[in-house]
Amino acid sequence: MPEMNMVGAINDALRHEMRKDPRVLVMGEDVGKVGGVFRVTQGLFEEFGEDRVIDTPLSEGGIIGTAIGMALYGLVPVPEIQFADFIYPAFDQIVSELAKMRYRSGGEYASKIVIRSPVGGGIRGGHYHSQSPEALFIHTAGLKVVCPSNPYDAKGLLLASIRDPDPVLFFEPKRVYRAAKGDVPEGDYTVELGKAAVTRPGKHVTVIAWGAMLYEALAAADEAAKQGVECEVLDLRTLWPVDIDAIVASVKKTGRVVVVHEAPKTCGFGAELVALINEKAFVHLEAPPIRVAGFDTPFPYSLEMEYLPLAHRILPAVLDTARF
Amino acid sequence: MVATVTPLRTLDAPLADERVVALYKHMVLARALDERLVHLQKEGKLASHLSAIGEEATIFGGIAALREQDWVFHYGREAGGALFRGMPLASYLSHVFGSSGDGGKGRQMPGTFASRAARFASASAPIGTQITHAVGFAWAAKLKKDDVVALSCFGEGATSSGDFHTGLNFAGVFKAPVVFLCRNNGWAISVPAERQTAASSFWLKGIAYGVPGVAVDGNDLFAVHKAVAAAVQRAARGEGATLIEATTSRKTDPVARVKEHLEARHLWSEKDDAEHASRVRAELDVALALAQSEPLPPRESMFDDVYRSVPWHLHEEREELQKCPK
Ligand SMILES: Cc1ncc(C[n+]2csc(CCOP(=O)(O)OP(=O)(O)O)c2C)c(N)n1
């Protein structure tokens, strides 16, 4: 099995599916000859040509709107939004059109596209190259939301996303695009949507994370272990529909939960997770579930490492929860 | 020092000689500054930099055509123009390094600065959004019967954004005193201009919105200045907006072109040039060293300016951060 980073694994998934399924195409800003600003689509233009690897005008609304039209005609577009921070010109198309197509037509029409977009901070990108907007799309009925943390999952989840009948937002944690490495099988395999992974088993505190923050949660778990607190770290992988069974099973075991995410705390996905845990596992709780999240400010440039919920902020939350 | 040239108060088309000399000095400063910042970026000492190398004639031609009361809605490559209009070099560099001297408190990536001193609005990274802001700003001035024109600067890639079309449409309908200056350098990152439009040029996009379009050589300071000055006058007369497409190319160096002009008219010599270059070098040495040694903004400052005053939840979050080890 070749070792790959996230960029390579996602590239491999796209190439694999484009070879297999002639309906699949890639479109977006700079995805063609240069292979994307993060080089995720590198080499696809050369292999599949300009009708399947399409550099578009600089218009996210145009990219997503036309992708929806292509999907209605039967193609399977995988548009890239260069940074998730630039998804908002397409917000209307995603929220008003893409998410509601199946429902509003009584199931007669569906528009199946997978929107790939890098998310997250820690790359010195300031307000507009750092945000994590997953909650906005989880809040919108009709969309699935995925965020892998490692190359194996990235390939398997992307293949599953492209083959899934519903529209998927596939968020790629850019901070670990090249840092996260691992073995990735050649050829076909999928990682089922809607299934979390127990990345580290433990019995004292459940730590729920995804994307780049998974590594911070794991680092905090290592530190906590030195102080006798064993964390069970869950990597959600699919954010919505979330793997509620995996969460409840873990909470039943630990009775204590810390949710970690980069997005601002208020109305972030952590709020939904804590509410779900309260609804479904209240009697098993030994301590109030808590969130360690980005602060409720726009994403800052110079102070990004203070802003992010890194291990040094997760650890005290874990210890407090364990000792509650 | 070059950075403290005061802008003239009146429209001066065609450009007076001493104005051209002042512009040239600033263009040289802008070029040197860009070269230094590009270098620092390559060394990893700067996260990113939006350079204006090769596009100085468009930027300075446009800025020089403004009157003191006029405003600029920029996108990131117009820093040299802001220095020309009175933004202190030190503030710009503090912004670039995101340090405590930055008026924007280190919150934005390099290039997306704001400067009230230079009458530059606050820029952001999302392409095209400043176009509608410029229209609304100019429209408001018109409603208040103030003689103020807004200059909206953007690259040709931005003409594909919704805000470009909405902005031109509103400007046309409400005869807003705004000048759209589209810098066409042929590329949006890797995407060629032919992928932004099937039309033969960008200036003609104004026509459908009732906004006259003008094409100029974006490597020619005088051509850009003349076109923008005419558009500013037109806007100030209440006749509405103009879309100017300034096409830049790498075939000539727009800064060297101004130098040749000045030398041919005996307004500038090699000796002047060498002296100016060494003054600029010295000024940049000092200013860059200073900006790089400035501390970052204090971490508590993260919670300021989200709202005018800090609400309870941000107080709590600030306390949480203060408890964290540094
Ligand atoms: C809405 C949006 N989408 C994508 C980007 C990423 N991006 C940054 S610069 C750029 C190209 C801009 O080209 P152009 O408008 O021609 O200006 P130039 O950089 O050539 O000056 C792109 C696509 C962005 N900043 N905003």
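Computed over heavy atoms, backbone and side chain alike; hydrogens, waters and symmetry mates excluded. Naming convention: chains lettered A, B, ... in sequence-line order (proteins, then strands); numbering from 1 in each chain.
For the pair B/Q108 (side chain) and A/G126 (backbone), a donor-acceptor distance under 3.5 Å is absent. A donor-acceptor contact shorter than 3.5 Å is absent between the side chain of B/R299 and the backbone of A/E306. For B/S160 (side chain) and A/P57 (main-chain N/O), no donor-acceptor pair under 3.5 Å exists by modelled atom type.
Atom-to-atom distance recorded for B/M302:CE and A/D296:CG is 11.5 Å, nearest 0.5 angstrom. Rounding to the nearest 0.5 angstrom, the gap separating the CD1 atom in B/I127 from the CD atom in A/Q82 is 9.0 Å. Expressed to the nearest 0.5 Å, how far OH of A/Y301 lies from NE2 of B/H95 amounts to 8.0 Å.
The residue among A/E304, A/E29, A/R124 with the most heavy atom pairs within less than 4.5 Å of chain B is A/R124. Note: B/E317 leads B/H313, B/M109, B/E317 in heavy-atom pairs under 4.5 Å with chain A. Comparing B/P298, B/P110, B/G162 by heavy-atom pairs within less than 4.5 Å of chain A, the highest count is held by B/P110.
There is no contact between B/T197 and chain A, counting heavy-atom distances below 4.5 Å. Both the backbone and the side chain of A/F295 have a heavy atom closer than 4.5 Å to some heavy atom of chain B. Contact annotation for A/F299: only backbone heavy atoms (N, CA, C, O) come within less than 4.5 Å of a heavy atom of chain B. Within the 4.5 angstrom heavy-atom criterion, no atom of A/S130 approaches chain B.
Within the 4.5 Å cutoff, the side chain of B/E300 has no heavy atoms near those of the A/L303 side chain.
Between A/L58 and B/A158, the shortest heavy-atom distance links the atoms CD1-N, 4.4 Å. The shortest heavy-atom contact between B/A188 and A/D30 is O-OD1, 3.4 Å. Across B/L296 and A/S302, no two heavy atoms sit closer than the pair CD1-O, 3.9 Å.
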Test log, rule side-chain contact (heavy atoms from CB on, under 4.5 Å), inputs A/I54 and B/R195: CA-CA 10 Å; A/I54 308 170; B/R195 268 291 151 110; 4.1 Å; yes
Full working for side-chain contact (heavy atoms from CB on, under 4.5 Å) between B/L314 and A/T297: CA-CA 8 Å; B/L314 291 178; A/T297 73; 4.2 Å; yes
Check against side-chain contact (heavy atoms from CB on, under 4.5 Å), A/H312 and B/C324: CA-CA 7 Å; A/H312 71 280; B/C324 278; 4.3 Å; yes
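Dense packing is recorded around CZ of A/F91, with more than 12 heavy atoms of other residues, nucleotides or ligands lying under 6.0 Å away. The neighbour count for A/K33 NZ, taken as heavy atoms of other residues, nucleotides or ligands under 6.0 Å away, does not exceed 12. Within 6.0 Å of atom NE2 in A/H139, 12 or fewer heavy atoms from other residues, nucleotides or ligands are found, so the atom counts as exposed in its surroundings.
With respect to the salt-bridge test (charged N to carboxylate O, under 4.0 angstrom), the residues A/K265 and B/E316 do not qualify.
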